[in-house]
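Since the structure is predicted, the reported quantities are computational estimates derived from the model, not experimental observations.
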Amino acid sequence: KTEIENKIHEALRVAGIPSRTSGELAVGAEIHNTGSTARGTSIPGTVVDFDIAIRLDETDLAQHGKISDALDAVLAGEKESGAANQWRRSGIEIQGKSVDIDVTYVSKPEVEGMPSHAVVEQRLRAVEQSTPQEADLVRANIVYAKQVLKRFNVYKKLDGGLGGLGVENWILQHGGSFAKARESVLRAAIDEQGSIRSFEDCAARYAIPDPGVNLTSDSVEKGATGYGQYRHDNFFYFLNRDGSDGYGKFIHALQHLAE
C-alpha cells in the first residue's frame with residue numbers, strides 16, 4: 001500500500017470502520033485510487049493530486065463524518081470546498097512533497113463490477129504486456145491530449161470537459177492514438193458544408209463508452225442522454241453537462257490545436 005492508503009486505513013480504524021481485504025467476505029470499506037496520478041497519465045508540471053474513492057457498506061456510509069475527522073488527524077492540510085460526501089484537502093506533505101487529496105465516500109453497489117479506473121489500468125497493462133515498446137507512446141498520447149484540452153480550458157469536467165478517465169478511454173478506444181481520436185471526432189462533428197453539427201447530431205454519430213462501473217454514481221440504469229448519474233457513462237455527454245459549452249470548446253480545441 002502507499003503511504004496515503006496506509007493513513008486512510010488508519011483513519012478508518014479510528015472511526016471504527018472495518019477495511020475489506022482480499023480473501024474476506026465482501027464486507028468493509030474499499031479504497032480505490034481513481035485519479036490519473038495512479039495510472040501515470042497525469043499532466044507533468046501540475047499539482048500532484050490524488051483522487052480517492054472509499055466504498056462503504058450502507059450501514060457505514062452515515063459515519064463518513066467520523067472518517068473525515070480521523071483523516072484530518074493523519075493527513076493535515078488546508079480544507080477545500082466540496083460536496084457533502086467529500087473530504088478535500090490541499091498542501092498535504094507526503095514524503096517531502098506537497099500534494100492535494102480528494103476523497104469521495106460512496107456506497108457499494110448491490111452488484112459488483114470492475115470500476116472504471118480499474119478497467120483503464122487493465123487496458124494499459126494489456127498494452128505493456130502485448131506490445132511493451134508501444135506502452136510509453138500510448139501514455140504520451142494520453143498526456144498530450146490532456147495538455148491540449150487543458151490549454152483550451154476544456155479538460156476538467158467542471159470546465160465542461162471529459163475529465164481524466166474520459167480522455168483516457170477516448171484515446172484508448174482509438175488504439176492509443178490522439179491523431180486517430182481527433183480525426184474520428186471531427187469526422188462526426190463537421191458536416192459536408194464544413195459547419196459544426198449540433199451536440200445532439202454529433203452524439204448520434206459518436207460515443208466514448210465507459211466499459212467500467214462509475215463508483216460515484218447512484219443509479220445502475222443507463223440513460224439515453226445521461227452523464228455522471230449512470231453507472232456506465234458515455235463520456236461524450238460530459239461535454240454537454242449542465243448546459244456548458246464544453247462541446248463547442250472541445251471541437252474548437254481539436255480544430256485549432258496548433259495555435
Side-chain angles (χ1 to χ4, degrees), residues 1-43 46-122 156-158 163-165 168 212-220 228-229 231 233:
K1 298 185 182 73
T2 66
E3 180 177 345
I4 293 173
E5 289 173 331
N6 285 332
K7 289 187 177 296
I8 292 175
H9 279 292
E10 181 181 344
L12 289 169
R13 285 194 298 272
V14 170
I17 308 295
S19 296
R20 178 181 176 182
T21 58
S22 60
E24 294 183 349
L25 295 175
V27 177
E30 299 174 2
I31 300 171
H32 294 266
N33 196 338
T34 63
S36 301
T37 301
R39 295 184 295 279
T41 57
S42 57
I43 301 175
T46 57
V47 174
V48 177
D49 63 335
F50 292 86
D51 297 316
I52 309 290
I54 301 180
R55 291 210 295 186
L56 297 165
D57 295 314
E58 199 65 40
T59 54
D60 294 328
L61 193 59
Q63 306 299 316
H64 68 77
K66 291 182 179 180
I67 303 174
S68 292
D69 291 341
L71 284 173
D72 281 329
V74 296
L75 290 168
E78 184 175 345
K79 185 175 182 178
E80 301 290 341
S81 60
N85 68 327
Q86 288 183 309
W87 177 90
R88 304 183 69 232
R89 300 295 184 270
S90 61
I92 299 170
E93 186 172 328
I94 299 292
Q95 296 179 348
K97 296 180 180 179
S98 178
V99 305
D100 297 350
I101 302 177
D102 293 352
V103 172
T104 303
Y105 306 107
V106 297
S107 61
K108 290 182 184 175
E110 292 183 5
V111 179
E112 292 285 347
M114 183 174 286
S116 301
H117 69 279
V119 173
V120 170
E121 291 170 1
Q122 185 181 67
K156 291 186 175 293
K157 286 179 284 187
L158 289 175
L165 270 176
E168 291 164 17
V213 176
N214 180 352
L215 290 182
T216 58
S217 298
D218 294 320
S219 171
V220 297
Q229 70 265 38
R231 288 275 174 189
D233 296 339

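The aromatic rings of Y105 and H64 sit parallel to each other, their planes meeting at less than 30°, with 60° as the upper class boundary.
Checked against L56 for a side-chain contact (heavy atoms from CB on, under 4.5 Å), the options N85, V106, I67 give a single hit: I67. When each of E168, H117, E121 is checked for a side-chain hydrogen bond (donor to acceptor under 3.5 Å, both in side chains) with R39, only E168 meets the rule.
Taking each heavy atom of A70 and A11 in turn, the nearest pair found is CB-O, 3.4 Å. Counting all heavy atoms, side chain and backbone alike, E5 lies closest to I31 at O-CD1, 4.1 Å. L75 and K7 get closest at one heavy-atom pair: CD2-CD, 3.3 Å. Looking at every heavy atom in both residues, I92 comes nearest to G77 through CG1-CA, 3.9 Å. Looking at every heavy atom in both residues, G28 comes nearest to D57 through N-OD2, 2.8 Å.
A salt bridge is defined here as a Lys NZ or Arg NE, NH1 or NH2 lying under 4.0 Å from an Asp or Glu carboxylate O, and D100 with R88 fails to meet this definition.
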- So L165 and V120, side chain to side chain contact (heavy atoms under 4.5 Å, CB included) or not? Walk me through it. CA-CA 8 Å; L165 270 176; V120 170; 3.7 Å; yes
- Message: Would F50 and I94 count as a side chain to side chain contact (heavy atoms under 4.5 Å, CB included) here? Give the steps.
- Response: CA-CA 11 Å; F50 292 86; I94 299 292; over 6 Å; no
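Between E3 and Q95, some side-chain heavy-atom pair lies under the 4.5 Å cut-off.
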